[in-house]
Amino acid sequence: NAGVTQTPKFQVLKTGQSMTLQCAQDMNHNSMYWYRQDPGMGLRLIYYSASEGTTDKGEVPNGYNVSRLNKREFSLRLESAAPSQTSVYFCASSPLGQVPLGWQYFGPGTRLTVT
Amino acid sequence: TQLLEQSPQFLSIQEGENLTVYCNSSSVFSSLQWYRQEPGEGPVLLVTVVTGGEVKKLKRLTFQFGDARKDSSLHITAAQPGDTGLYLCAGDYTGTASKLTFGTGTRLQVTL
């Protein structure tokens with residue numbers, strides 16, 4: 001049982017390049033999330049998927065797209081990377097509807113630098 | 001956008017001291033969670049509080065949910081170096097627990 005896995009762990013991009021961050025969970029959770037974490041900003045929600053087949057914008061969706069490929073996988077795509085997207089990206093999953101309410105299980109993160 | 005403020009932002013104390021971290025909002029939470037994050041890792045859930053006035057204890061950690069469900073506190077007794085990390089509160093404003101709003105975090109360092 002690996003929990004939430006993210007690939008890659010580290011990535012350096014040049015401005016304008018595109019890339020996809022991969023996330024997978026093996027806990028049969030319904031909901032999945034993408035956050036970014038910047039110094040002094042805590043975690044900010046980019047996109048989330050409450051259930052397979054649905055996605056919704058979070059607090060900071062501009063410049064990103066997501067795909068809920070199936071119940072296990074939720075990917076985040078940067079179409080044209082900008083230096084402002086330099087951050088640590090976390091994927092999380094949640095067994096929505098089960099206690100403890102709203103509990104989220106996080107992956108180890110992807111450290112992205114855009115030059 | 002809901003705002004969840006944590007204080008203090010940074011805290012450096014010596015082993016054996018007590019400390020309290022605060023989490024405040026102008027809006028009512030349906031529930032609130034506390035997470036701890038260590039360097040290079042994702043946050044890990046510590047506790048969830050749901051009922052106004054609720055107090056939960058986890059060994060040397062005491063969590064309290066305000067009566068009006070707009071604030072919460074985390075108290076650590078006799079801090080140890082293993083308590084070092086980033087403490088994050090996260091509130092559910094939706095009532096469905098479908099998404100959380102995270103606070104800015106309190107970075108705690110406990111030295112010998």
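Throughout, a chain's letter reflects where its sequence line sits, starting with A, and its residues are numbered from 1.
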Quick one: of Pro43(B), Gly105(B), Ala90(B), who has the most non-hydrogen atom pairs under 4.5 Å with chain A? Pro43(B)

So, Tyr35(B) side chain and Gln104(A) main chain: donor-acceptor pair closer than 3.5 Å or not? yes

Looking only at non-hydrogen atoms, find the nearest pair between Gly42(A) and Leu88(B) and report the distance. CA-CD2, 4.4 Å

All heavy atoms of Lys99(B) vs all of Tyr33(A), minimum pair found to be CA-CE2, 4.1 Å

With a 4.5 angstrom heavy-atom cut-off, is it the side chain or the backbone of Gln6(B) that approaches chain A, or both, or neither? neither

Let me know if [X] has heavy atoms under 4.5 Å from chain B in its side chain, its backbone, both or neither.
| X | answer |
| --- | --- |
| Arg44(A) | neither |
| Leu45(A) | side chain |
| Gln37(A) | side chain |

May I ask whether [X] and [Y] are part of the same hydrophobic cluster, defined by side-chain heavy atoms of I, L, V, M, F, W, Y residues being less than 4.5 angstrom apart, directly or through others?
| X | Y | value |
| --- | --- | --- |
| Phe63(B) | Leu108(B) | yes |
| Leu61(B) | Leu11(B) | yes |
| Met19(A) | Tyr47(A) | yes |
| Tyr93(B) | Trp34(B) | yes |
| Val4(A) | Tyr48(A) | yes |

Any chance you could measure Thr104(B), atom OG1, to Leu43(A), atom CG, to the nearest 0.5 Å? 10.5 Å

Given Leu45(B), which of Trp103(A), Tyr105(A), Phe106(A) fulfils the side-chain contact (heavy atoms from CB on, under 4.5 Å) condition? Trp103(A)

For Glu15(B), look at atom CD and say whether over 12 heavy atoms of other residues, nucleotides or ligands are found less than 6.0 Å away. yes

